[in-house]
There are 4 protein chains.
Amino acid sequence: MNSHGGLEPVPRRSTAALIADQLRSAIMYGHLAPGDQLGETDLAAQLGVSRGPLREAMQRLVQEGLLRSERHRGLFVRELEAEDVRDIYVARLAVERASCELVMRGNRGEALARLTASLEELVQAAETGDRTAMSDADQAFHQTLVSCSGNRRLERMAQTLLVETRMCLTVMQDVYPEAAELVDEHRKLLDAITEGDEKQLLNLIESHMLDTVDRINTTGPAAIRRSTSAQN
Amino acid sequence: MNSHGGLEPVPRRSTAALIADQLRSAIMYGHLAPGDQLGETDLAAQLGVSRGPLREAMQRLVQEGLLRSERHRGLFVRELEAEDVRDIYVARLAVERASCELVMRGNRGEALARLTASLEELVQAAETGDRTAMSDADQAFHQTLVSCSGNRRLERMAQTLLVETRMCLTVMQDVYPEAAELVDEHRKLLDAITEGDEKQLLNLIESHMLDTVDRINTTGPAAIRRSTSAQN
Amino acid sequence: MNSHGGLEPVPRRSTAALIADQLRSAIMYGHLAPGDQLGETDLAAQLGVSRGPLREAMQRLVQEGLLRSERHRGLFVRELEAEDVRDIYVARLAVERASCELVMRGNRGEALARLTASLEELVQAAETGDRTAMSDADQAFHQTLVSCSGNRRLERMAQTLLVETRMCLTVMQDVYPEAAELVDEHRKLLDAITEGDEKQLLNLIESHMLDTVDRINTTGPAAIRRSTSAQN
Amino acid sequence: MNSHGGLEPVPRRSTAALIADQLRSAIMYGHLAPGDQLGETDLAAQLGVSRGPLREAMQRLVQEGLLRSERHRGLFVRELEAEDVRDIYVARLAVERASCELVMRGNRGEALARLTASLEELVQAAETGDRTAMSDADQAFHQTLVSCSGNRRLERMAQTLLVETRMCLTVMQDVYPEAAELVDEHRKLLDAITEGDEKQLLNLIESHMLDTVDRINTTGPAAIRRSTSAQN
DNA sequence: GTGGTCTAGACCACT
DNA sequence: GTGGTCTAGACCACG
C-alpha cells in the first residue's frame, strides 16, 4: 500500500495497456459478446481515445486469443465452441496444478494468508447471492493461487484463461454450481494447503477443473476425466 | 463501476497529477515531514520519473500551499504554526458549513447513503483501534460531505485543507479524540442530516471544528469559539 | 511603498510564480478566452521564457482550476458553465462570510481603513465609467476584505475565485450592475462594518453574492437564493 | 504439403501478424538482443512497413512478454534474469506435461509419425554440428509435441515459451548439451510414447526440463528439482 | 504531419 | 555540490 509506506514509483501504464484492460473486462462480463464486431470508430469514441492506441490494444487481445482477426473485415470477439471449453479447462488445470506444486514448496504462509482473504470474499459474495460477485470472487481466488506461485509466466497464462472461463460462464449460466458447493470446493482447496497435503490438493484442483467440463458437456469430456484421474 | 457497466472511457491522468497525488499522500502521512527539503534528484529516482514532471507536480503543491519555495535553495514541506492550525480549522468550517447548507437543500438522499457508508468505515476503523485507519475514515467522511455539496470549488478547497489537517494530527497525535467520541460526533452529524435539522447540523459542524482548535490551543481560540457560536 | 528610498528585500519570486501571474492576468482580462488552447511553444516565445518554467506555471493554474488539461492534447482555458457561475458565487459567499465574521471580531480598525481606501478607488473608477477599472476596484475591495480576515487560506481561495468571477464578467458583460448600484452595495458593506452590525453585514454579503447569480440565471437559482436566505 | 498442386486458401494473415513473426524470429535468433531498444523509425524502414502496423505488432510481443515497454522511452527486448530461466522451464514443464498426457490418451499414432520425423531432423542437425540447426530441431520437436495435444491454448503458450528458451540459449551457449546427449534425450521421449509408458514419459519430460535449469544455475534449483520429483 | 510529453544532458547561479 | 534553467531529441497520440 502507498497509504502508509511512503514514496513509491508512480504506476504509469501505457494507454494501450489501459485500453486492453477495458476491453478484456468488457469481454469478460459479456458486454462485448462472442461474435461481436469491434468497430474501431465507435469504440474509440466510447473509450475517449483515438484509433491508434485502440488498434494496438486490440492486437494485444488478438495475441491473447480473445479476439479473432478477419482481414479487411475487422476484429471480432472470439466464439467458443464446446471443444474450446474443454481446452480451456485442461489448460487451466495444467497451469494451476503447476502453481499448486510451487505454492506447496514455496512460501506457503503468504499463500495461506492471501487465499484465506480471497475465500472470505467468496463467502461474502455467496451470502449476497450476487452471481457476478461470486464469479468475481471465484476468479480472484484462482488468480491469487497462481500469483502465489511466483511464476510470472504462469500468471500471464492464467489471466487469459480466466477471462475465457468467464466468457463460458456468461454464456451458459446454468452450469455454474450452487453457492454452497462453490464455497465448499474452494474451502477444501484451502484446507489441503493448510494441511500441507500436496497429493490431496492436486486431486482437488483436478476435480475442480474437470467437474466443470463434465457439467458442461457430458459426452466425451467424461472420458478425459476418467483417464486423467487415472494418472495419480 | 466498470465491472458491470460495460465500456467506459479510460481514465488517463497526467503524470504530474499522479506525482502530485503521491507527494500529497506522503505529506499527509508524515513520510515527508514539515520542514523537509524535497531533493528533486532523489525524489525523481524514488518515484521513477524524471525531473521535469516532478517539478511540475511540486509547483502544483506550491500553489496549494503544501510546499514552500525558497529560490535557489529548493522546495520544503510547509511548517505549520499554531496560527496555521487555527486558520485551517476556521477555513474548514467555512467550507463545510457551506457544504452542509447545500446538502440540506440538495439531494439529501444521496448524501445520507454515502455518509452512512462513510460512518460505517469509521466505526470499523474505531473497532480495530488503528489510528491511521481512523484518521483515514474521518477524512473520508468530511470529503464525502463536501463532495455531496456538488460544488467542485468547495471540494478542491477541502482537499487541501484536509491534507493540512492530517499534517496537524500527525505532528500532535495526543489531541486526537478517543475512538468512541470520534464516532459519536460523526454519528450526530449524520443524525442531524437524517432529521433535516439544519440549524442543529450547523451547530454541530461548528463545534466539531472549533473543539479541535480548543483542544490544540487553549488560549485565544476560546474567544473565537465563543463569538462564533454567538452568531446563531 | 518602495519609492521613498528605504532598501527593501528584492521580491525574488520564482520564475514559475511570475509566469503564473502573467497567465492569470491574461485569463482574467479575457486576453486568453475560455476554451483557448495554450500552445506552449508560442506562449514561451511571447513571454520570453523557455518551456520548462512555462509548463510549471501552467501546472499551477491547472491546480487552481483555471486551466484544464487534456492528455496529449494540451492545456485549455477552463470554460465556465452556468453551473460553474453558481458554484463560484456560493464558494465566494462561504469565504467572504467567514472573512466578515473574522473581521468583525478582529482588528476592525485596520479593516475600516483599508476598505475605505478601496471604496474610494471604486468611486473614482465609477466616475470615469471605465468598466475594467470598476471591475478592478470591485475585485480589490473583496480581496482586501478577505485579506483583513488575516486567514491566509481564505485569501488563497479568494484569489482564484475572484479571477473566476472576472472570467464570468468578461463573458457576460451585460449582467454587471450599474456604476451607482455597484458603489452603493459596497458602501453599505462598509457601513455595516463601521457600525459593527455583524448580522446586517452577513445579510448584505449574502445578497451581494446571490443577487449576481440571480441576475445571470433567473431560473432555478432563485430557489437557491430563497432557501439560503432562510438560514438567518 | 502444398507442393502437390492442390489449390489451398492463401494464408492471408494480417500485416501485424507477419511483422510480429519477423520480430519474434529476430529476437529468437539474437538478432535483437535482450536490452536492445526497438526504434520504430529504423525498424519500419528495415522491414519496409509503416509505423502503424509495426506498432501493432510490437504490442503483440509486449503482450507475450518478449518486449518491455517503458513509457515515453520506447520498447526494449526483455532481459532474462536467472529467475526467469527457472520460471520459463517450470512453465514449459506444466505445458508439456499436460501435452504428454493428452498425447498418450489421444491420437498417439499421429504423434508418433510427426515426432519421429522431428527426431530425424534433430539427428541430421546433430551430424552437421550446426548449433543453430540443432536448436531449431529441438524447438520444432517440442512444438510438435504440444501441437499433437490438439489443445490450441497449450500451443499458444508453448510458442512464447520456446522463443524465450531460445533467448536463454543464445545468451548462455555453454549450457547447451552435447549433440549426442540432446539426441538421446529426445529419442527416449519418443520411445516412451511408442511404448505407451505414460509414467515414464512424464518422468523424462520433467528431467528434460529441470536438468537444464540445474545446468544453468547449480545452486538452489537443485532443491526445486528434488522436491518436484517427489510428486510422482 | 503536428504538437504534447517526457527524458537526458548541459550550463549557470547560489550555498 | 545542489538546485534552477534551458536545449535537444525521442516517443506518443491526435487529426
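Quick note: numbers below take in every heavy atom, side chains included, and nothing from hydrogens, waters or symmetry partners. Per chain, numbering begins at 1; letters A, B, ... match sequence-line order.
Per the geometry, CZ belonging to Arg13(A) stands 18 Å off P belonging to dC6(E), to the nearest Å. Look at CZ on Arg12(A): it is 15 Å from C1' on dA13(F), rounded to the nearest Å. Between Ile19(B) atom CD1 and dC6(E) atom C1' there is a gap of 10 Å when expressed in whole angstrom units.
Inter-axis angle, ends of the helix from dG1(E)-dC14(F) to dC14(E)-dG1(F), five pairs per end, rounded to 10 degrees: 0°.
Considering every non-hydrogen atom in both Arg51(D) and Ala44(D), the closest pair reads CG-CB, 4.1 Å. Between Ala33(A) and Val77(A), the shortest heavy-atom distance links the atoms O-CB, 3.3 Å. Annotation for Gly74(A) and Gln37(A): closest pair CA-NE2, 3.9 Å, computed over non-hydrogen atoms. Contact between Met167(B) and Pro34(B) at its shortest, heavy atoms only, is CE-CG, 4.1 Å.
Listed by chain and residue number, Gln59(A) satisfy the side-chain hydrogen bond (donor to acceptor under 3.5 Å, both in side chains) test with Arg60(D) (two or more places apart in sequence, or in another chain). For Ser14(A), there are no side-chain hydrogen bond (donor to acceptor under 3.5 Å, both in side chains) partners two or more places apart in sequence or in a different chain.
Within residues 38-56 of chain C, the residues that have a heavy atom under 4.0 Å from DNA chain F are, in order of number, Ser50(C), Pro53(C). Listed by residue number, His72(C), Arg73(C) are the residues of residues 67-74 of chain C with a heavy-atom contact under 4.0 Å to DNA chain F.
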Report task. Check the pair Arg153(C), Asp84(B) against salt bridge (Lys or Arg N to Asp or Glu O under 4.0 Å), reporting the backbone distance first and the verdict last. Result -> CA-CA 9 Å; Arg153(C) 279 149 192 91; Asp84(B) 290 302; 3.2 Å; yes
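With respect to Glu70(B) and Arg68(B), a salt bridge is recorded, a charged nitrogen being found less than 4.0 Å from a carboxylate O. A salt bridge is absent between Glu164(B) and Arg78(B): the closest approach of a Lys/Arg side-chain nitrogen to an acidic carboxylate oxygen does not fall below 4.0 angstrom.
Backbone-only engagement by Thr15(A) is indicated by non-hydrogen atom pairs under 4.0 Å involving sugar-phosphate atoms exclusively.
Side-chain N/O atoms of Gln37(C) include one lying less than 4.0 angstrom from OP1 or OP2 on dG4(E).
Nearest-nucleotide mapping onto DNA chain F: of Leu75(D) and Met58(B), the residue sitting toward the 5' end is Met58(B).
When side chains are defined from C-beta on, Leu66(B) does not count as touching Leu23(B), because their heavy atoms never get closer than 4.5 Å.
The list of side chain to side chain donor-acceptor pair (under 3.5 Å) pairs with a residue in residues 23-34 of chain C, not counting sequence neighbours, reads Asp21(C)-Arg24(C), Arg24(C)-Glu64(C), Tyr29(C)-Asp136(C).
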